[in-house]
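Chain A is the first sequence line, chain B the second, and so forth, proteins listed ahead of strands; every chain is numbered from 1. Because the structure is a prediction, the values reported are computed rather than measured.
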2 protein chains.
Amino acid sequence: MRQRSRQAVKLDDVANLAKVSPSTVSLFVRYPEKVSVKTGKKIQAAIDELGYVHNKIASQFTGGRSSSMAVIVPSIANIIFSRVIQQIERTVSAAGYQLSIASHDHSLDKEEEQVKAILQWSPAVIAIAGADHNPSTVKMLQNSGIPVVQMWQIEGSHFPAQVGNDHTHVGFQAAQFMIESGCKKLAYFTTRFKEDIRAQKRYQGFTAALTATGLQPVVVDIPRTDNIYQASRSLLMKTLVKERGLDGIFCSSDAIASALLMEAFDKRIQVPQQLSILGFGDFPASAFLAPYSLSSVNLNADNMAAKTAEMMLKMSEDNAYQGEIVDVGFEIIPRDSTNLPF
Amino acid sequence: MRQRSRQAVKLDDVANLAKVSPSTVSLFVRYPEKVSVKTGKKIQAAIDELGYVHNKIASQFTGGRSSSMAVIVPSIANIIFSRVIQQIERTVSAAGYQLSIASHDHSLDKEEEQVKAILQWSPAVIAIAGADHNPSTVKMLQNSGIPVVQMWQIEGSHFPAQVGNDHTHVGFQAAQFMIESGCKKLAYFTTRFKEDIRAQKRYQGFTAALTATGLQPVVVDIPRTDNIYQASRSLLMKTLVKERGLDGIFCSSDAIASALLMEAFDKRIQVPQQLSILGFGDFPASAFLAPYSLSSVNLNADNMAAKTAEMMLKMSEDNAYQGEIVDVGFEIIPRDSTNLPF
DNA sequence: GTGAAAGCGCTAACAA
DNA sequence: TTGTTAGCGCTTTCAC
């Protein structure tokens with residue numbers, strides 16, 4: 001690793017030049033308002049002249065105050081997470097925190113490693129997606145004394161701070177919606193079903209609603225691939241042939257759903273008369289697809305991100321605040337790809 | 001801010017329990033292979049028993065080795081950046097680095113702030129998107145002694161390490177392609193034109209190619225909005241009416257392009273006979289849109305991300321390595337939305 | 001509002 | 001391969 005040369009300009013140098021004590025400079029750098037205007041000006045002049053950069057590493061080392069935060073998600077590239085990360089970054093960076101990110105691609109072991117690595121930096125707060133982790137991951141987090149915000153999902157009870165949705169419930173409502181809109185045989189299209197715990201939860205809810213109505217769910221687990229659109233499209237006709245009478249599909253993401261929509265159009269399958277398609281995530285494009293717009297489950301992700309960021313800040317600033325459980329709710333947005341429920 | 005309690009278990013405690021010296025523990029924690037197997041086992045046992053977490057802050061403070069890296073982009077939510085970040089995170093975290101991210105939404109002043117904040121943490125390397133920055137931003141980076149990888153764009157000469165594309169050239173080639181495929185009147189659809197410097201560069205190249213052929217470019221700057229798909233769609237007909245004879249559009253992203261494609265379909269505009277549409281970024285969905293797939297400029301973003309990450313690691317590990325300029329190239333992918341060039 | 005003194009937890013030399 | 005020693009740059013008392 002690159003050897004960092006010893007810091008060129010340090011706080012003491014600024015103090016010397018400004019003819020004040022180091023502790024005054026330290027105060028000024030962190031809380032400018034706590035220093036008299038006159039002294040502040042002198043110090044600022046010295047800082048500018050020397051090009052001093054405040055050393056956060058030394059600062060945090062000494063003072064025990066952390067001004068970094070971390071967020072751990074399965075995937076950064078997934079549009080739904082990237083939007084959330086974007087918003088969290090915006091909020092916490094405006095409050096003076098540096099944001100670290102880690103992703104683990106739905107591997108609980110990788111997640112454990114990522115948590116371990118993050119704890120070594122003692123961030124002020126950690127936001128982690130999902131409720132299911134390796135036992136040792138949970139233990140590490142709990143022992144660390146670092147506050148955790150569980151996001152995305154509000155199931156499970158490892159942490160008192162949770163912002164997100166009950167995915168089992170989402171799945172249940174989705175099935176309900178499709179049944180009420182007239183579907184007689186339903187499938188659940190997903191990918192990485194083995195790894196994606198939230199997708200499993202939604203499927204559980206989906207199944208519960210179906211069996212309550214005497215229906216049998218079909219699962220299609222789209223093989224892992226470089227391009228989910230291609231993979232999804234290639235499975236539609238096969239599935240329709242194999243599962244005769246299939247007239248409704250609930251997808252694990254709008255990417256899958258819009259791919260199916262495109263394939264249905266190409267193959268002249270009437271949507272929604274012959275086939276209803278319901279997405280998940282309500283991507284920005286979904287409302288504006290042609291010829292059919294895509295019905296989808298909107299997760300209030302922006303609201304979730306805002307609430308998560310807010311809670312992160314609050315937990316960082318206020319020791320006593322333990323967080324709370326916020327169900328941000330969801331909404332099934334009916335568009336062209338599904339019939340209206342009767 | 002939350003007051004971190006003094007560290008419960010420290011390296012010295014581990015050393016005491018394992019009956020070795022602190023420096024041996026330190027060595028073991030960082031380079032396990034440099035300690036004898038026997039001693040290593042003792043130390044590991046002590047670490048496990050005490051639940052010791054290595055303090056990277058103290059480590060970095062003392063030793064001057066940084067094991068964090070930072071990446072600065074205009075936007076995290078933009079699919080093209082989120083994929084790049086994902087890949088960089090994967091690579092550098094596998095090499096033991098923590099990745100910080102910052103975004104500035106195309107504001108050079110915000111970028112400057114973000115750079116300042118990041119420098120305070122003295123990361124091992126900084127990757128920054130784009131070649132244009134405030135002069136003081138460049139100065140800060142250069143004075144910091146921290147290696148910088150300029151990514152996304154290889155124009156400009158502030159830093160010897162650059163990975164990306166020549167966006168002026170991309171714009172030129174795009175125009176060339178559309179002219180050769182028969183377009184007589186071309187428009188450039190973009191958004192945030194004032195802020196997005198790369199979009200401007202592409203437009204410059206685009207214009208250069210047009211004027212060389214005696215054509216006049218039209219620019220449509222889509223107003224800032226919450227949903228680019230909606231905003232793009234709503235501008236197509238207006239533009240076609242206003243700019244009679246318009247028969248080709250080069251878009252600043254595949255999001256805009258696919259929205260126009262949808263709108264064209266809805267309005268029964270023949271694509272590509274009446275109107276050619278060329279995207280930028282080659283989103284995963286673009287090849288699989290129906291009824292027309294979208295022609296687009298593929299930027300080899302995955303390759304760019306890989307090269308960037310590789311260079312970041314190399315610059316971190318090897319003091320002497322100054323980086324290099326890598327043009328990852330691009331490819332215009334002809335699909336249904338454009339005619340074949342004659 | 002400002003200054004003096006002590007020490008945070010670790011690593012880098014060096015020595016053994 | 002392991003131990004000893006010194007000190008990184010800052011913040012935090014506690015004075016004044």
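Looking at the side chain of A:Thr24, the nearest of the listed nucleotides D:dG3, C:dC10, C:dG3 is C:dG3. Of all nucleotides listed (C:dG3, D:dT2, D:dT11), C:dG3 comes nearest to the side chain of A:Val20. In this structure, of D:dT11, C:dG9, D:dG9, it is D:dG9 that holds the atom nearest to the side chain of A:Asn55. You'll find that the side chain of B:Ser26 is closest to C:dT11, out of D:dG3, C:dG9, C:dT11. Here C:dG9 is the nucleotide among C:dT2, C:dG9, D:dT2 with the atom lying nearest to any side-chain atom of B:Lys10. Among the nucleotides D:dT11, C:dC10, C:dA4, the one closest to any side-chain atom of B:Leu11 is C:dC10. Considering only the side chain of B:Thr62, D:dC8 comes nearest among D:dC10, D:dC8, C:dC8.
Checking B:Ser107 against B:Glu195 by side-chain atom types alone, no donor-acceptor pair falls below 3.5 Å. With hydrogens and angles left out, the side-chain atoms of B:Glu89 and A:Gln114 include a donor and acceptor closer than 3.5 Å. Inspection of the B:Glu111 and B:Thr137 side chains reveals no N or O donor paired with an N or O acceptor under 3.5 Å.
Residue A:His54 contributes atom NE2, which lies 9 Å from atom C1' of D:dT11 at whole-angstrom precision. In this entry the distance linking CZ of B:Arg30 with C1' of D:dT1 reads 15 Å, nearest Å. With rounding to whole Å, B:Leu27 atom CG is found 9 Å from C:dT11 atom P. Note: CZ (B:Phe28) to P (D:dG3) measures 14 Å, nearest angstrom.
When each of A:Ser68, A:Ser66, A:Ser316, A:Ser67 is paired with A:Tyr97, the side-chain hydrogen bond (donor to acceptor under 3.5 Å, both in side chains) condition holds for A:Ser316 and for no other.
Within 4.0 Å of A:Tyr52, counting heavy atoms only, lie sugar-phosphate atoms of the nucleic acid but no base atom.
For A:Ser23 and D:dT11, the shortest distance from a side-chain N or O to OP1 or OP2 is not below 4.0 Å. Put simply, B:Ser36 has a side-chain N or O that comes within less than 4.0 Å of OP1 or OP2 on D:dT2. At the phosphate of D:dC10, neither OP1 nor OP2 sits under 4.0 Å from any side-chain N or O atom of A:Ser59.
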Strand DNA chain D as a dot-bracket string - pairs counted if Watson-Crick or G-U with both distances under 3.5 Å, | where the partner lies in another strand: ||||||||||||||||

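For the pair A:Val53/A:Val9, no side-chain contact is recorded, criterion being any heavy-atom separation below 4.5 Å from C-beta on.
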